[in-house]
Amino acid sequence: MGAARFDVPEVDAFTRTYWDAAAQGRLLIRRCGACGRAHHYPREFCPHCWSEEVAWEEASGRATLYTWSTVHRNDLPPFGDRTPYVAAVVDLAEGPRMMTELVECRDMVAGMPLRVTFREGKPVFGPGG
């Protein structure tokens, strides 16, 4: 058996829809039918009003950079081989905030436009809008 990896999501019956879409290059979020607000990470209830009337929705893939940090050291496999990398929080155009990784970005500025792309079935963000 190989070494443990800390970059592979644990897929369960609920999140399978999200990860299957990501493998196809589509970013999904959840939207509440009661209050109308979108949220991310996927949950079976609305974190704003607690309604269970939530459904999957395809996001536009547009975002703006909220904050970031360049990681120079990470001992968890396989991140050590990827350093340095940029961990970030982005504001999706639909409203939710999302943790991610920035790729192909230089001279980051808060508020800069970003666009989702996918690496090995996981959403990451790069320049664009």
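- Counting all heavy atoms, side chain and backbone alike, L65 lies closest to A88 at CD1-CB, 3.9 Å.
- Taking hydrophobic clusters as Ile, Leu, Val, Met, Phe, Trp and Tyr residues chained together by side-chain heavy-atom distances below 4.5 Å, F118 does not share a cluster with V103.
- No continuous path of ILVMFWY side-chain contacts below 4.5 Å connects V124 to L28, so the two sit in separate hydrophobic clusters.
- Distance check, rounded to the nearest 0.5 Å: CG of L76 to CZ of R82 gives 11.5 Å.
- V109 and V90 fall into different hydrophobic clusters, where Ile, Leu, Val, Met, Phe, Trp and Tyr are joined by side-chain heavy atoms under 4.5 Å apart, directly or via other members.
- With rounding to the nearest 0.5 angstrom, the CG atom of L114 is 10.0 Å from the CG atom of D91.
- Within a 6.0 Å sphere centred on CZ of R37, other residues, nucleotides and ligands contribute 12 heavy atoms or fewer.
- The stretch residues 99-108 participates, sequence neighbours left out, in these side-chain hydrogen bond (donor to acceptor under 3.5 Å, both in side chains) pairs: E101-R119.
- When only modelled atom types and interatomic distance are considered, D20 and T17 share no side-chain donor-acceptor pair under 3.5 Å.
- A continuous path of hydrophobic side-chain contacts links V71 to F79 [ILVMFWY only; heavy atoms under 4.5 Å].
- When atom types are taken as modelled, the side chain of R30 and the backbone of R43 share a donor-acceptor pair closer than 3.5 angstrom.
- Considering CD of E58 and CD of E94, their distance stands at 9.5 Å, rounded to 0.5 Å.
- W19 and Y41 have their aromatic ring centers separated by at least 6.0 angstrom.
- W68 and V116 fall within a single hydrophobic cluster, where Ile, Leu, Val, Met, Phe, Trp and Tyr side chains are chained together by heavy-atom contacts under 4.5 Å.
- Within the 4.5 Å cutoff, no side-chain heavy atoms of H40 are placed close to those of R97.
- Other residues, nucleotides and ligands place no more than 12 heavy atoms under 6.0 Å from the CD atom of E52.
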_Intermediate values then yes/no, side chain to side chain contact (heavy atoms under 4.5 Å, CB included), V11 and Y18_ = CA-CA 9 Å; V11 178; Y18 177 84; over 6 Å; no
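- Using cut-offs of 30° and 60° on the angle between ring planes, the pair H39 and H48 is perpendicular.
- Evaluation of the side chain to side chain donor-acceptor pair (under 3.5 Å) rule for E53 yields no partner, not counting sequence neighbours.
- Taking all atoms of both residues into account, the shortest heavy-atom contact from T70 to P84 is CG2-CB, 4.0 Å.
- The backbone N or O of I29 sits nowhere less than 3.5 Å from a side-chain atom of R31 that would complete a donor-acceptor pair.
- Using a 4.5 Å heavy-atom threshold, the side chains of W56 and P42 count as touching.
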